[in-house]
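Data block below; observations after.
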Amino acid sequence: MKLQKDNIEAVLAEMTVREKATIIVGAGWGSLFEGFHLPFCHGHRVPGAAGETRPIERLGIPSIVLADGPAGVRIKQSGATAFPAAVSLASSRDPKLLEEVGKALGEEARAFGVDVLLAPGMNLMRNPLCGRNFEYYSEDAELSSEMAAAMIRGIQSAGVAATPKHYALNNQETNRFHNNVIIDEKPMRSVYLENFRRAIAEAKPWAIMASYNSVNGTPVQQNKHLLTDILRDEFGFDGVVLTDWTKHKNPADKIAAGVDLLMPGSNSNIRSICRAVRSGKLSETRLNEAARRVLQLIVKTPTFNSSSKAGQLTQTQKEAHAALSRRAAAAGCVLLKNENNALPIAPDAKKIGLMGVHSYNTICGGIGSGFVNCEHRISLYDAFKARGFRLNGRSEETYTAVLEKKSNLVKPAGLGCVTKYMAEPVYKEFRFFSEDCVHNVVDLADAVIVTISRQAGEGVDCKLEKGSYYLADAEMELLRSMSRRCLHDEKQLIVVLNVAHPIETDSWSSFADAILLVWLPGQEAGHAIVDVLTGAVKPAGKLPVTWPLKYEDLPSAANFPACSKDNKPVKTPDGIKDFDYTRYAEGDQIGHYYFDRHPEIPVAFPFGFGLTY
Ligand code: BGC
């Protein structure tokens, strides 16, 4: 008998316990080399994919391929389109746009031989320092779930599975494998789980990813309350629950709790599941349920339906998706400040004074599984040049020389150093400019622009330090001297914020006449930003997350990233300790839920804020 869409029960009845265990254990990163665990060896059918499942040839069950991620298909081969990061898409507040991007992502996944896209990321932004905030939509459960639902619908309309992640309460990167979230049931449900409930109800994802962290003492991947009682029985989720990527010490417990697919999985996982069924520790009914769900997923995938092979995008797809990426990036720009009609740039402007190293190397996406190995990235500098603007010779020479020589390159944080296809280059801002140079740049320019950038990503949270949440001294100096000269020349200073997360603005915003927040705008970054700066596209983005005036005003500030008994950040180089927890003492009072109730506490920019021309 061979698997078909309508004979799942019959195939299941023919399967041995071992075969059933085999299809619920993935075959990614080195699990093919049992006993030789290669932590970052990726799938074999599509190199660089996050993983795949195991085939059973006798029953015509193929292996399917799973790949990241939220801003584009992350595989080793370059060529996927890098779309704007989720936080940028959410700033557009346009579900139709997200659905379009989702459809394009699904089509690309198909074209590259991927069946399950590990996206969207949809954890709530509990705190601006979370390293993966850019991969998520909002601090607001309603907005987040609306955006996620649109994205899921889009991806699945192309016949590819969406996998909203990371269920649940995965709101920080510090100690990400072991952190135990302590939270009362009521706030947990009212915002954090509500976010997933709505998206599931609206868009019916075919899969969902169970996060690494624990909740109230039990790892999510072993948490029957979260995975079965709530997700299955209450929310009615009927797809596959797969784990976030880890080595599984107690696979049978995870399956018993409600996991259907262990990723990436190992041969010993299969053996322990079989042993657990034989000993009665894991019921065969539960094993059948998990195997049935995996089969139900398999028959929906491109691999099963069209025996698709890893290929390439067509030229037409590439162009259409690049145009969509650009449109989405422009729609996600949020105008935070615009005094003295600094923006849009005057129609007769010809010369641009462009400062800040990331004006020449715009950061398009984040680090880690949210990264996309695209073919090109358009910087602000590239885009101005392409439109015939003239750049100031002195600054142009200096910055382009730095990029060419790769001096001032910063080592990527977190997972960025794992492979070449997990991070794009980022530079440290520097003090090359003499007062004389600043005068020259400003005096000759019709528009003066400084870019401030922040990359972030998987595996590490941002820090409450200069160069991270606060401006670095070199950035502050650059803004100060540029603003001084702009005042002198009666010119306006425009700041482009190319950041993965909110940063502190109070100490420097008065230097700028205009501030345009562009987040991480994807591969067409420069084109999209120039579209908005010139007024070809009017800014319409609205903040999906509050920008606090003072970090300490955030209710989560006292308990982020992790909190030990004496309320100090926990360092855990050597595994789980009983104080590895983050107490969500603020309950559901995150972001605007809190500030709306406390109008007496000023914020830098409130949730929903965004100006236009
Ligand atoms: C990340 C997931 C990702 C997975 C596969 C994990 O480390 O947390 O978001 O989908 O790796 O790459």
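Values below: every heavy atom of this structure, side chains too, minus hydrogens, waters and symmetry copies. We count ligands from 1, going down the list as the structure has it; atoms in each ligand are counted the same way.
For ligand 1 and Met209, the ligand atoms under 4.0 Å from any heavy atom of the residue are 10 (O). Near Lys165, meaning under 4.0 Å from one of its heavy atoms, ligand 1 places the atoms 2 (C), 3 (C), 9 (O), 10 (O). Applying the 4.0 Å criterion to heavy atoms of Arg176 picks out, from ligand 1, the atoms 7 (O), 8 (O). When each atom of ligand 1 is checked for a heavy atom of Arg74 under 4.0 Å away, the hits are 12 (O). Ligand-side atoms of ligand 1 in range of Ala50: 5 (C), 12 (O), range being under 4.0 angstrom from any heavy atom. Annotation for ligand 1: atoms under 4.0 Å from non-hydrogen atoms of Ser369 are 1 (C), 2 (C), 3 (C), 9 (O), 12 (O). With ligand atoms numbered from 1 in the order given, ligand 1 contributes 1 (C), 2 (C), 3 (C), 4 (C), 6 (C), 7 (O), 8 (O), 11 (O) to contacts under 4.0 Å with heavy atoms of Asp244. Annotation for ligand 1: atoms under 4.0 Å from non-hydrogen atoms of His166 are 2 (C), 8 (O), 9 (O).
Under 4.0 angstrom from ligand 1, there are no non-hydrogen atoms of Met263. Only side-chain heavy atoms of Arg132 come within less than 4.0 Å of ligand 1; its backbone N, CA, C and O stay farther off.
The side chain to side chain contact (heavy atoms under 4.5 Å, CB included) check on Ala161 picks up Val116, Trp206, Leu297, with sequence neighbours excluded.
With Tyr584 as the aromatic partner, Arg126 meets the cation-pi criteria of under 6.0 angstrom to the ring centre and within 45 degrees of the ring axis. A cation-pi arrangement is not found for Arg198 relative to Tyr192, the charged atom failing to lie both closer than 6.0 Å to the ring centre and inside a 45° cone about the ring normal.
No side-chain donor from either of Gln172 and Asn127 sits under 3.5 Å from a side-chain acceptor of the other. Tyr593 and Asp588 share no donor-acceptor pair across their side chains, judged by distance under 3.5 Å alone. Defined by atom type and a distance below 3.5 Å, a donor-acceptor pair is present between the side-chain atoms of His225 and Glu185.
If you look at Tyr551 and Tyr469, their ring centroids are closer than 6.0 Å.
At a threshold of 4.0 Å, the pair Glu107-Lys103 counts as salt-bridged, since one of the basic side-chain nitrogens sits closer than that to a carboxylate oxygen.
For the ligand labelled ligand 1, residue Glu135 lies outside the 4.0 Å heavy-atom shell.
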